[in-house]
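The structure under discussion appears below in the form of structure tokens.
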2 protein chains.
Amino acid sequence: MLLREQVGTIPGLAVIQVGHHKVSDLYARSKQLACEEVGIASFLAYLPATASEGEVLELVSALNADKRVHGILVQLPMPPHIQLDRVLRAVSLDKDVDGLHPINLGRLVLRGLHPTFIPCTPLGIMEILRRSGVQIEKKHAVVIGCSNVVGLPTALLLQRQNATVTVVHEHTPNPAEATRKADIVVSATGVAQLVRGHWLKKGAVVLDVGTSAVEDAAADGGYRLIGDVCFEEAEIVASAITPVPGGVGPVTVAMVLSNTLQSALRFFGVVIDNSDNSFTTDSHLILR
Amino acid sequence: MLLREQVGTIPGLAVIQVGHHKVSDLYARSKQLACEEVGIASFLAYLPATASEGEVLELVSALNADKRVHGILVQLPMPPHIQLDRVLRAVSLDKDVDGLHPINLGRLVLRGLHPTFIPCTPLGIMEILRRSGVQIEKKHAVVIGCSNVVGLPTALLLQRQNATVTVVHEHTPNPAEATRKADIVVSATGVAQLVRGHWLKKGAVVLDVGTSAVEDAAADGGYRLIGDVCFEEAEIVASAITPVPGGVGPVTVAMVLSNTLQSALRFFGVVIDNSDNSFTTDSHLILR
């Protein structure tokens with residue numbers, strides 16, 4: 001039976017964006033399109049970059065109370081005059097589909113605890129690894145970049161699955177040398193073409209999260225997206241590699257949908273058989 | 001002026017212990033003695049190992065409301081029938097002097113955010129490094145053990161100060177090789193004498209957090225405490241090393257006192273000049 005028929009409504013996702021930002025605009029748009037495709041209602045709540053923290057908090061509070069909304073995403077970066085901690089803490093734990101509420105991140109640190117939701121990009125990375133049959137336990141993983149949204153939660157997730165994890169960042173004296181020891185490399189710096197072929201061990205599995213917009217008069221919209229990894233060099237060395245665009249990005253969007261669906265099902269009190277532990281690819285079959 | 005005269009009362013620390021455990025008993029006792037020494041009131045709330053989760057939560061709630069108590073420590077491990085998440089979340093954020101409330105741990109993950117309190121052992125480790133003038137930025141640190149209380153928060157703190165951090169654990173295929181790359185080694189496994197001399201790079205700084213009780217008929221109480229690190233071998237290789245007992249342990253206790261004092265001052269609305277960023281050693285001068 002269709003979910004809509006069963007419960008009389010459909011899942012809803014709200015995206016809060018404050019101010020414009022080329023890559024954020026793109027992400028927000030791709031999430032909306034994806035929602036449309038699988039039958040999730042999407043609400044883009046846009047505030048100008050001059051919005052006050054109070055206005056953002058009021059918006060969050062309204063979305064927390066809105067019964068059509070089962071997931072709330074706060075698009076980062078926020079303008080610097082807004083205290084991120086306050087905004088992230090204001091999101092209802094039950095609607096925190098991006099897993100960035102400090103309580104959910106704290107649960108990610110504490111072994112034995114389970115976040116209500118896990119941040120979507122790290123979750124997507126783990127899903128790619130799982131579906132590709134990449135062994136994580138006992139492997140050495142290097143995460144390049146220690147961002148709140150990707151680097152740090154990814155390191156914690158890989159650690160939870162018993163990889164030995166090193167986080168490499170801008171203060172690492174020789175990042176190439178450190179990365180060359182890794183069986184699994186996750187790069188999330190936003191520095192275009194940072195990771196060259198000689199940074200990689202033969203046979204490494206490479207996940208490229210970085211997305212930089214570079215001007216290109218010949219491209220649609222005047223720019224194209226490139227990753228952290230020099231793909232042409234890396235694909236010769238790596239045993240598996242994700243491209244940019246078209247790699248981690250779309251899977252991240254799929255995880256947003258998956259988390260939103262799961263959140264909605266919890267609100268509806270509907271249980272679906274997810275025993276094969278598969279995620280979103282089949283979810284539109286349920287929703288449509 | 002003495003704090004007691006200024007505000008008419010003294011700081012108070014409550015320790016919640018559920019069930020007996022040799023090392024926990026020792027820690028709880030040493031915290032009580034330390035409180036006595038500096039003039040902090042201490043309350044040991046002991047429940048038997050058979051106590052229900054509801055009883056523990058009720059106790060936490062009573063201590064949250066108790067005006068004599070400015071810090072609440074939950075002594076780990078808890079018996080397995082008690083859900084740690086619930087207990088840690090029940091502690092008032094303002095009294096979470098062990099920094100284990102998931103919100104505080106989440107803030108430790110999120111760069112740019114600041115926990116109300118930082119877990120005492122990791123805080124003690126950072127304090128030892130700071131006072132010893134050990135450079136952290138740009139250095140490679142290996143944390144052995146990924147416990148909730150020590151390993152993971154220590155890794156996050158070292159990362160915050162721009163070290164490149166690798167977390168080594170029981171699933172790391174060659175922990176000696178991984179550790180030998182480190183400028184700073186923090187071992188917190190509880191496996192006695194795990195870290196041998198050949199695990200260390202010449203000149204490494206070694207912090208030994210592990211504390212195991214081994215039977216020794218000749219010793220006081222029939223047992224003695226030994227660390228994770230084979231001290232005799234390590235001191236030849238290391239440029240600096242903390243012993244067990246007498247190293248990280250007492251500094252951890254000092255951090256408990258420091259956090260409790262800071263918490264009390266916040267409750268009292270008293271501001272002290274802490275511009276030299278020194279911690280507890282001088283605090284009894286203020287308190288007595």
Side-chain angles (χ1 to χ4, degrees), chain A residues 77-78 80 83-86 88-89 93 99-115 119 136-144 146-149 151-153 155-156 158-175 177-179 181-183, chain B residues 77-78 80 83-86 88-89 93 99-115 119 136-144 146-149 151-153 155-156 158-175 177-179 181-183:
Chain A
M78 282 264 145
Q83 284 205 33
L84 190 57
D85 184 37
R86 293 212 190 121
L88 294 178
R89 281 182 65 185
L93 267 181
L100 292 179
H101 191 297
I103 284 196
N104 277 328
L105 283 172
R107 286 170 172 163
L108 207 56
V109 178
L110 285 166
R111 283 204 169 206
L113 301 193
H114 300 285
I136 297 171
E137 182 162 300
K138 294 180 191 295
K139 295 296 179 184
H140 186 64
V142 163
V143 176
I144 310 174
C146 48
S147 71
N148 293 337
V149 185
L152 292 179
L156 292 169
L158 288 166
Q159 223 155 257
R160 276 197 170 215
Q161 295 201 17
N162 298 327
T164 301
V165 181
T166 302
V167 179
V168 163
H169 46 68
E170 54 182 334
H171 300 283
T172 301
N174 194 336
E177 191 190 314
T179 306
K181 301 203 172 67
D183 305 301
Chain B
M78 283 264 144
Q83 285 205 34
L84 190 57
D85 184 39
R86 294 212 188 122
L88 294 177
R89 281 183 66 186
L93 267 182
L100 291 179
H101 191 297
I103 284 195
N104 277 328
L105 284 173
R107 285 169 171 163
L108 207 56
V109 178
L110 284 167
R111 284 204 167 204
L113 301 193
H114 299 285
I136 298 171
E137 182 162 299
K138 294 181 191 293
K139 294 297 179 185
H140 187 65
V142 163
V143 176
I144 310 174
C146 48
S147 70
N148 293 337
V149 185
L152 292 178
L156 292 169
L158 289 165
Q159 222 155 258
R160 277 197 170 216
Q161 295 202 18
N162 299 326
T164 302
V165 181
T166 302
V167 178
V168 163
H169 46 68
E170 54 182 332
H171 300 284
T172 301
N174 194 336
E177 191 190 314
T179 306
K181 302 204 170 67
D183 305 301

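In this text, all values refer to a predicted model and were calculated from it rather than measured experimentally. Order of the sequence lines sets the chain letters (A, B, ...), proteins ahead of strands, with each chain counted from 1. Only this structure's heavy atoms are used, side chains among them; waters, hydrogens and symmetry mates stay out.
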Can you tell me which portion of [X] sits under 4.5 Å from chain B's heavy atoms? Options are side chain, backbone, both or neither.
X: A:L93; value: side chain
X: A:V167; value: both
X: A:A141; value: neither
X: A:I103; value: both
X: A:K181; value: side chain
X: A:H114; value: neither
X: A:L88; value: side chain

(request) Pick whichever of B:T166, B:V109, B:V168 has the most heavy-atom pairs under 4.5 Å with chain A. (result) B:T166
(message) As an exercise: rank B:N148, B:L105, B:L152 by heavy-atom pairs under 4.5 Å with chain A and give me the winner.
(response) B:N148
(request) Could you look at B:A155 and say if it's the side chain, the backbone, both or neither that has a heavy atom under 4.5 Å from chain A? (result) neither
(message) For A:L110 and B:D85: C-alpha separation, side-chain torsions, deciding distance, then whether side chain to side chain contact (heavy atoms under 4.5 Å, CB included) applies.
(response) CA-CA 9 Å; A:L110 285 166; B:D85 184 39; 5.6 Å; no
(request) Just do the side chain to side chain contact (heavy atoms under 4.5 Å, CB included) check on B:T164 and A:H169 with the steps written out, would you? (result) CA-CA 7 Å; B:T164 302; A:H169 46 68; 4.1 Å; yes
(request) For chain B, find which of A:R89, A:K139, A:H140 contributes the most heavy-atom pairs closer than 4.5 angstrom. (result) A:R89
(message) For a 4.5 angstrom cut-off between non-hydrogen side-chain atoms, does B:L100 reach B:P119?
(response) yes
Of all the heavy-atom pairs spanning [X] and [Y], show the shortest one and how long it is.
X: A:V142; Y: A:A178; result: CG2-O, 3.6 Å
X: A:N162; Y: A:E137; result: ND2-OE1, 3.0 Å
X: A:Q159; Y: A:R111; result: O-NH2, 2.5 Å

